[in-house]
Amino acid sequence: CGVSLARLLRPVAIVAVLATAATAYETIVALPAGNQSFREITFGVIATRVESSVKPGIFFEDFPNRVIYVRSLPPGGGWKDVFLSDTSRGDQTTVYFAKEGRIRLDREKRLVQLYLIDGTSHTTYLSKPEAYEGAAFNEIAITLDPATVFPPPPSKGAPEMTFAELKVAIAEARARNDPGLSYRFMVQQKLSLPMTCPILALIGLALGASSRKDGKLAGFVLGFGVIFVYYVLLWMARAFAHGGRLSPEWAPWIPNIIMGSVGLALLAWRARSADRPIRLSLPAFWQRRPAAGPGAAAVSPARTRVVLVIKVPKLNLPMPR
């Protein structure tokens with residue numbers, strides 16, 4: 001319809017820029033921040049989880065070496081008439097009776113404590129059955145280890161690290177004579193992965209700027225195949241980089257270089273693929289000269305060029321459109 005690919009590229013380029021920004025945010029900011037947020041959220045829900053899990057009249061045994069029993073739960077939170085059995089000290093067993101209790105969190109020190117108010121403690125020893133210690137208290141805090149109560153969050157791998165953490169990991173690897181290939185590869189992949197979006201946009205425009213007769217499913221399969229080829233190139237480059245056969249600084253950019261070249265070539269091919277006749281100008285010596293006659297010397301014939309138009313039939317070859 002006379003609309004050039006350069007004009008069609010404008011809306012596609014806008015989407016590609018937005019996708020590039022979103023991918024860069026995900027790989028550089030969101031993924032490392034999400035790992036840390038998981039730790040903070042896990043630690044922050046400890047009090048809510050424990051206080052809601054302790055039911056009145058039921059023994060709570062989720063804490064290692066500790067058993068909690070409460071008589072009731074006040075509307076304002078916490079526990080009423082608390083029984084706590086602590087067997088975390090080897091052969092020593094301590095039983096606490098308190099009028100009130102609750103969970104206390106110290107986010108700065110990352111501590112979880114069972115806080116008991118107005119009660120008594122009773123201690124016995126397995127190795128000394130005759131020994132007994134009793135005491136009364138107004139307030140007492142029993143510290144719990146969060147690592148023994150809740151499963152630890154996933155450890156930070158190279159994708160979850162920030163650039164600063166990756167640089168520290170690379171320096172530590174070099175200190176122990178380790179090339180740190182995975183960390184060096186990830187630094188460049190965090191930059192190269194967002195740049196895939198405009199490259200795929202070029203390929204998508206070149207393959208999509210045609211009148212397709214095989215429906216949307218074929219277009220989806222073709223697009224899926226392009227992405228599949230990209231990830232095959234990416235994982236091959238990753239394998240070669242981790243194996244020491246390619247530079248980890250250049251390996252993540254190899255799929256972009258290959259796919260970008262293919263995208264530019266397809267775009268140029270699509271821009272020239274319109275049905276146009278091939279025009280050839282014949283040389284002047286192919287032309288017939290008029291016969292000499294009276295007055296031929298006075299008038300010199302004007303030089304003309306004959307244009308030969310050759311119509312080339314369109315070949316229906318099986319190739320991607």
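Predicted model only: the values in this text are computed from it and were never measured.
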**Message:** Tell me whether E165 contacts the main-chain N or O of T162 through its side chain, where contact means a donor paired with an acceptor under 3.5 Å.
**Reply:** yes
**Asked** Judged by modelled atom types alone, do E133 and Y125 share a side-chain donor-acceptor pair under 3.5 Å?
**Response** yes
**Request:** Identify the heavy atoms of T20 and M195 that sit nearest to each other, and give their distance.
**Result:** CG2-SD, 4.4 Å
**Message:** Could you go through W253 and N256, starting from their C-alpha distance and side-chain angles, then the distance that decides it, and tell me whether this counts as side-chain contact (heavy atoms from CB on, under 4.5 Å)?
**Reply:** CA-CA 5 Å; W253 296 98; N256 288 12; 4.0 Å; yes
**Prompt:** Should we say atom CZ of F137 is surrounded by more than 12 heavy atoms from elsewhere, each under 6.0 Å from it?
**Reply:** yes
**Whether T87 side chain and N65 backbone form a donor-acceptor pair below 3.5 Å** = yes
**Item:** Under 3.5 Å donor-acceptor, R184 side chain and P179 backbone
**Value:** yes
**Asked** With no hydrogens and no angle check, is any side-chain donor or acceptor of K80 less than 3.5 Å from a backbone partner on L73?
**Response** no
**Asked** Yes or no on side-chain hydrogen bond (donor to acceptor under 3.5 Å, both in side chains) for H122 and T120, after CA distance, side-chain angles and deciding distance?
**Response** CA-CA 7 Å; H122 310 270; T120 59; 3.1 Å; yes
**Message:** Does either side chain, that of D86 or that of T94, offer a donor lying less than 3.5 Å from an acceptor on the other one?
**Reply:** no
**Message:** Regarding T196 and Y230, do their side chains bring together a donor and an acceptor under 3.5 Å, going by distance alone?
**Reply:** yes
**Request:** Would you please indicate yes or no on a ring centroid separation below 6.0 angstrom for F60 and Y69?
**Result:** no
